[in-house]
Amino acid sequence: MKLDPAFIWTAFVKLLPAIPITLYLTVISVLAGLLFGTGIALLRIYRVPVLSQIASGYVTFIRGTPMLVHLYLVYFGLPAIIDVVSESFGWSFRSVSVPYFVFAVIAFTITASAYMSEVVRSGLLAVNRGQLEAAHSIGMTTPQALRRIVFPQAFAASLPNLTNSLIGMLHGSTLAFTVSVVEIMAKAQIVASTNWKFFEAYLAAALIFWGLTVLIERIAARVERRINVYNRGGVA
Amino acid sequence: MIQLSRITKSFGRHEVLKGIDLNVGKGEVVAILGPSGSGKTTLLRCINFLERPSGGTVAIGEAKADGKHPSKKDIRELRLKSAMVFQHYNLFRHKTALENVMEGLVIVRKIPKEKARAKSVEVLEKVGLGAKIDAYPSQLSGGQQQRVGIARALALEPEVILFDEPTSALDPELVGEVLEVIRRIAKEGITMVVVTHEMGFARDVANRVVFMDEGAVIEEGDPREIFAKPKQERTKQFLKRITPEPNYSI
C-alpha cells in the first residue's frame with residue numbers, strides 16, 4: 001500500500017460538509033439526555049416511590065447494553081410501533097416518512113439520558129445539604145432552591161464529567177452510519193470506497209474528530225474557569 | 001411570638017425531644033444551653049421545620065403548623081416569619097456576599113432588584129462588611145462569613161431569628177466579632193432564639209436561658225439567677241464543667 005498524502009487533504013475537505021450532521025446528532029442527544037437525565041436523577045435522589053425504581057432499572061439496562069444495540073432496537077422496533085399506533089388511529093402517517101436521522105437521535109438520547117443521569121446525580125450529591133437548608137430557611141420553595149441554589153453548584157461540580165460524556169457521545173455518534181445517516185464516518189467510508197483509499201479517508205476523519213474534541217475541551221475549560229470563580233479561595 | 005407545645009422528635013427509636021413546651025415573647029432573647037446531645041439544635045431546627053417534629057405544634061405569630069402533619073403552606077408561613085443563622089454559615093457558595101443577602105429579598109419577598117440591593121448593602125454595612133460585598137464566601141474568613149449569614153437573616157426582617165451555635169465553628173479569635181454583631185441586633189429588640197456554648201454571651205445578652213438535657217427542659221429563668229444559683233443538680237454540674245469560661249464580651 002502506498003500512502004497518498006494529498007488525498008488526506010482531499011478527503012478532509014470532502015468530510016467537512018458532514019460535520020453539522022455529527023454535531024446535530026451529538027448536541028441534540030446530549031441536551032435532551034441532560035434534561036431527561038436530570039429528571040431521572042431527581043427521581044432517584046428523592047426516592048419517589050415506583051418511579052425511582054423504574055428510573056434505576058432504566059439506568060442499569062441502558063448502561064448495561066451497548067449504544068449500538070439501542071440504535072438497532074429503536075431503528076427496527078420504533079417504526080413498527082409508530083405504524084401500529086398510526087393505523088389504529090386511522091392516520092395516514094407512516095414510519096417510512098420519518099428520516100433516519102430522527103431514529104438515531106432518539107436512540108442516542110436514550111443512551112445519553114442514562115449516562116447523564118449519573119453525571120447529574122453525582123453533581124447533585126456533591127452539593128452540601130446545608131445549601132438547601134439555608135435556601136429553605138429564607139423561605140424558598142424546593143423548586144426555587146433547586147433552580148437557584150442547588151443546580152448551579154451541581155452543574156459546576158459535574159462539568160468535568162459532562163465534558164467527558166459529551167466527548168463520548170460525539171464519538172459514539174459515528175454509529176449512526178449503520179442506519180444510513182451520513183455523518184462524518186459514513187461520509188469517510190463513501191469517500192474511501194469510491195477512491196479506494198481507506199487509510200487516508202479515515203485518517204482525515206480522525207483529524208476532524210480530534211479537532212472537534214479539542215474544541216470541546218477548550219470551551220469546557222473556559223466555562224469551568226468562569227463558573228468556578230467562587231471556588232477560588234482567598235482567606236479561609 | 002413563638003409557641004412550642006409538646007414538641008417531640010424521634011430518630012428511629014431514639015427519642016431526642018421528649019415533649020417540649022417553650023414560649024418566647026416578642027423582643028425576647030432566649031439562649032438555649034445544655035450538653036451536646038441534649039437536643040437543643042434539634043429543637044431549634046423544629047421551629048422552622050428543617051427538622052420535622054414527631055409531634056406537637058409550632059407557632060410563630062399567626063403562623064401555626066402541626067408537627068406531625070404540617071401542610072406545605074404552613075411550613076412556608078413559618079419560614080417566612082423566621083430566619084436562621086447556621087453553625088457552618090451555609091452561605092450560598094456560588095453567590096457573592098451581596099447576592100447572598102439579596103437572594104431572599106428578590107426571590108422570596110419579590111422586592112425589586114434595586115431596592116433589594118440598597119437594603120442588602122445597608123445591612124452588610126451594619127455587620128461591618130461594607131467593603132466585602134462582592135467577595136465570594138470562599139474569599140472570606142469564618143467570622144466574616146458568619147456575619148454575612150447574619151446579614152442574610154437580618155435583611156429579611158423576620159419576626160424571629162434562630163441562631164444555631166453561631167460561633168461553634170469559628171477560630172477563637174473570630175468569635176468576638178460575631179458575638180458583637182449578635183449583641184448589637186439583640187439590642188434592637190429582634191426576637192432571637194440562640195443555641196450557644198458561650199456562657200458569657202448568654203449571661204450578658206439573653207433575657208432568659210433555657211437549660212436542656214436529654215431532650216427535656218431542666219431549668220429556665222433569668223440568666224443572672226440561673227448562673228449564680230442553679231436549682232437543679234444537672235444544671236449545677238453542667239455549669240461547673242463549663243466554667244471557668246473565657247469572657248469574650250467587648
Side-chain angles (χ1 to χ4, degrees), chain A residues 34 38 41-42 45-49 119-120 122-163 220-236, chain B residues 44-45 47-51 72-73 75-96 99-110 132 134-146 149 152-153 155-156 158 161-162 164 169-171 174:
Chain A
L34 197 57
T38 306
L42 287 176
I45 285 179
Y46 280 102
R47 301 209 175 89
V48 180
V119 171
V120 172
S122 79
L124 287 173
L125 293 178
V127 179
N128 192 316
R129 207 184 149 65
Q131 297 286 314
L132 188 63
E133 289 186 348
H136 279 151
S137 81
I138 61 171
M140 282 187 173
T141 61
T142 303
Q144 281 175 334
L146 287 178
R147 191 158 37 84
R148 307 232 2 131
I149 307 301
V150 177
F151 284 157
Q153 292 182 45
F155 180 70
S158 52
L159 209 62
N161 281 332
L162 275 177
T163 309
R222 183 167 294 191
V223 173
E224 214 168 309
R225 222 173 311 135
R226 177 169 307 180
I227 225 168
N228 277 312
V229 170
Y230 67 82
N231 272 334
R232 241 173 280 148
V235 188
Chain B
L44 192 77
R45 287 163 58 85
I47 298 177
N48 64 354
F49 275 76
L50 285 187
E51 214 73 74
K72 270 189 178 168
K73 192 171 148 283
I75 293 179
R76 206 168 126 78
E77 288 293 318
L78 287 181
R79 287 175 179 166
L80 288 175
K81 286 184 184 295
S82 61
M84 187 175 243
V85 174
F86 295 86
Q87 179 177 1
H88 297 287
Y89 333 131
N90 292 0
L91 296 184
F92 304 131
R93 294 188 55 227
H94 60 312
K95 292 184 179 292
T96 62
E99 289 166 345
N100 263 279
V101 181
M102 280 176 68
E103 187 70 10
L105 296 176
V106 176
I107 301 303
V108 180
R109 297 283 150 94
K110 309 286 182 202
K132 293 279 185 187
D134 290 323
Y136 284 98
S138 63
Q139 298 165 322
L140 297 172
S141 72
Q144 290 169 332
Q145 286 190 60
Q146 191 58 297
R152 179 172 67 182
L156 295 164
I161 302 184
L162 311 170
D164 181 13
L170 293 172
D171 291 339
L174 300 177

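Residue numbering restarts at 1 for every chain, and letters A, B, ... go by the order of the sequence lines.
- Both the backbone and the side chain of A:A135 come within contact range of chain B, judged by heavy atoms closer than 4.5 Å.
- Side chain of A:Q131 to main chain of A:N128: no donor-acceptor pair is present (N/O by atom type, distance under 3.5 Å, no hydrogens or angles).
- Among B:M84, B:R93, B:E77, the residue with the largest count of heavy-atom pairs under 4.5 Å with chain A is B:R93.
- Only the side chain of B:R45 has a heavy atom closer than 4.5 Å to any heavy atom of chain A.
- Interface summary for chain B: among A:T142, A:I138, A:I149, the most heavy-atom pairs under 4.5 angstrom belong to A:I149.
- For B:L156, the part sitting under 4.5 Å from any heavy atom of chain A is the side chain, from C-beta outward, and nothing else.
- Here the closest non-hydrogen pair linking B:Q146 and B:V85 is OE1-CG1, 3.3 Å.
- Remark: the backbone N or O of A:N161 is not paired with any side-chain donor or acceptor of A:S158 at under 3.5 angstrom.
- Contacts between B:F86 and chain A at a heavy-atom distance below 4.5 Å involve the side chain alone, from C-beta outward.
- Side-chain contact between A:V127 and A:L132 is absent, with no heavy atoms from C-beta onward closer than 4.5 Å.
- B:L50 and A:H136 make their closest contact through CD2-CB, 4.0 Å (heavy atoms, listed as atom of the first residue, atom of the second, distance).
- Contacts between A:E133 and chain B at a heavy-atom distance below 4.5 Å involve backbone atoms as well as side-chain atoms.
- Taking chain A as the reference chain and counting heavy-atom pairs below 4.5 Å, the highest number among B:H88, B:E103, B:K95 is found for B:E103.
- Between the side chain of B:N48 and the main chain of A:S137, no donor-acceptor pair closer than 3.5 Å is present.
- For chain B, no part of A:R129 is nearby; none of its heavy atoms comes within less than 4.5 Å.
- Within the 3.5 Å criterion, the main-chain N or O of B:Q87 finds no donor-acceptor partner in the side chain of B:D164.
- Contact of B:R76 with chain A is made through the side chain alone, with heavy-atom distances under 4.5 Å.
- Of the two parts of B:H94, the backbone and the side chain both hold a non-hydrogen atom closer than 4.5 Å to a non-hydrogen atom of chain A.
- Side-chain atoms of B:R79 do not come within 3.5 Å of backbone N or O of A:T141 as any donor-acceptor pair.
- Interface remark: B:L162 contributes no atoms to any contact with chain A (heavy atom separation under 4.5 Å).
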